[in-house]
Novice: 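Encoded as structure tokens, here's the structure I'll be asking about.
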Amino acid sequence: MQDAPNIVILTGAGISAESGLATFRGPDGLWEGHRVESVCTPEALARDPATVHRFYDARRAALASVAPNAAHDALARLDAEWPGDLLIVTQNVDDLHERAGARRLLHMHGELLSALCAACGARQDWHGPMGEGRACAACGAPALRPDIVFFGEMPYAMDRIERALAAADLFVSIGTSGAVYPAAGFVQTARYAGARTVELNLEPSAGSGFFHETRVGPASEVVPAWVNEMLAAG
Ligand code: APR
């Protein structure tokens with residue numbers, strides 16, 4: 001049997017939109033009148049920690065009222081049944097992929113349900129409001145912050161992502177505008193390494209020209225259809 005292709009999947013806010021979580025650059029992309037970019041920065045955390053914590057406490061609380069949609073469920077099924085290498089790289093900080101059952105998953109922009117110690121770098125699970133001055137479980141410093149990669153900070157697991165892209169036979173981008181690097185450049189890295197590249201998005205994105213194929217439609221429709229094709233082809 002021909003070896004199953006190695007698959008790398010990149011997901012963005014669009015895969016969670018039908019679960020009720022706002023995207024960043026769509027019409028619902030503002031929060032209390034703030035552009036997200038103005039809240040997700042180290043400078044904003046230093047200048048106005050109360051606002052930054054309020055923003056993330058609100059987003060963390062919103063997770064309790066949303067659920068994975070058919071797109072998350074389809075990717076979790078592919079993850080469970082695909083015999084080849086597979087890695088889901090998500091830019092999202094929600095836990096919907098996990099709740100759908102995905103295992104071969106990494107969050108390159110951090111996670112709402114995690115806290116990072118600005119003093120020692122330790123991470124710990126975090127549910128509920130954080131606010132300012134929370135003590136780190138590892139070092140005790142009152143220095144916990146949201147475990148979110150802010151603009152200007154280095155995304156997580158880039159070595160692992162680059163290795164996966166170099167070995168990919170198929171790169172699939174789902175629900176992302178292609179507006180933010182390094183994720184926006186993954187399609188070119190994968191294509192350079194010889195992978196077939198497919199985009200599944202509500203509308204063509206800034207990076208559509210780099211993909212061999214773009215399928216337009218809501219993730220809850222186009223992702224299950226694509227997963228069914230992949231599993232049928234085997
Ligand atoms: N199904 C599929 N795609 C959708 C849907 C849907 N129901 N709704 C919206 N989209 C698409 C939009 O067309 C858009 O291309 O999802 C994309 C969302 O783009 P952004 O709001 O820019 O979100 P994303 O690409 O994930 O942003 C990347 O920017 O703000 C930072 O760190 C943040 O991880 C985020 C990064």
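Being a predicted model, the structure only gives us computed values, none of them experimental. Counting starts at 1 for both ligands and their atoms, in listed order.
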Novice: For H109, which part has a heavy atom under 4.0 Å from ligand 1: side chain, backbone, both, or neither?
Specialist: side chain

Novice: Looking at atom 28 (C) of ligand 1, what's its closest protein heavy atom, distance included?
Specialist: Q91 OE1, 3.4 Å

Novice: List the closest protein heavy-atom neighbour of atom 5 (C) of ligand 1: residue, atom name, distance to the nearest 0.1 Å.
Specialist: G14 O, 3.5 Å

Novice: Report the part of S205 (side chain from C-beta onward, or backbone N, CA, C, O) that has a heavy atom under 4.0 Å from ligand 1; answer both or neither where that applies.
Specialist: neither

Novice: Look only at interatomic distance and state if F24 has a nitrogen or oxygen under 3.5 Å from any nitrogen or oxygen of ligand 1.
Specialist: yes

Novice: In terms of residue, atom name and distance, what is the protein heavy atom nearest to atom 11 (C) of ligand 1?
Specialist: N201 OD1, 3.6 Å

Novice: What side-chain donor-acceptor pairs closer than 3.5 Å can you find for residues 133-140, not counting sequence neighbours?
Specialist:
unit_1 : atom_1 : unit_2 : atom_2 : d
R134   : NE     : M130   : O      : 2.6
R134   : NH2    : P129   : O      : 3.4

Novice: When you measure from atom 13 (O) of ligand 1 to every protein heavy atom, which one gives the shortest distance, and what is it?
Specialist: E203 OE2, 2.9 Å

Novice: Is it true that R54 and D57 make a salt bridge, defined as a side-chain N closer than 4.0 Å to a carboxylate O?
Specialist: no

Novice: Determine the interplanar angle of the Y56 and F150 rings, folded into 0 to 90°, and report it as parallel if under 30°, tilted if 30 to 60°, perpendicular if over 60°.
Specialist: tilted

Novice: Distance to 0.1 Å, residue and atom name: give those for the protein heavy atom nearest to atom 27 (O) of ligand 1.
Specialist: R25 NH1, 3.0 Å

Novice: So, using salt bridge (Lys or Arg N to Asp or Glu O under 4.0 Å) as the criterion, who are the partners of D147 when residues are at least two apart?
Specialist: R123

Novice: Of all the non-hydrogen atoms in the protein, which one sits nearest to atom 3 (N) of ligand 1, and at what distance?
Specialist: L202 N, 3.2 Å

Novice: How close does the nearest protein non-hydrogen atom get to atom 26 (O) of ligand 1, and which residue and atom is it?
Specialist: A13 N, 2.8 Å

Novice: Polar contacts were defined as any N/O atom of the residue lying under 3.5 Å from an N/O atom of the ligand; does this apply to A17 and ligand 1?
Specialist: no

Novice: Regarding D79 and R104, does a basic nitrogen lie under 4.0 Å from an acidic carboxylate oxygen?
Specialist: yes

Novice: Where does V180 meet ligand 1, judged by heavy-atom distances below 4.0 Å: at the side chain, the backbone, both, or neither?
Specialist: side chain

Novice: Distance to 0.1 Å, residue and atom name: give those for the protein heavy atom nearest to atom 18 (C) of ligand 1.
Specialist: G175 O, 3.8 Å

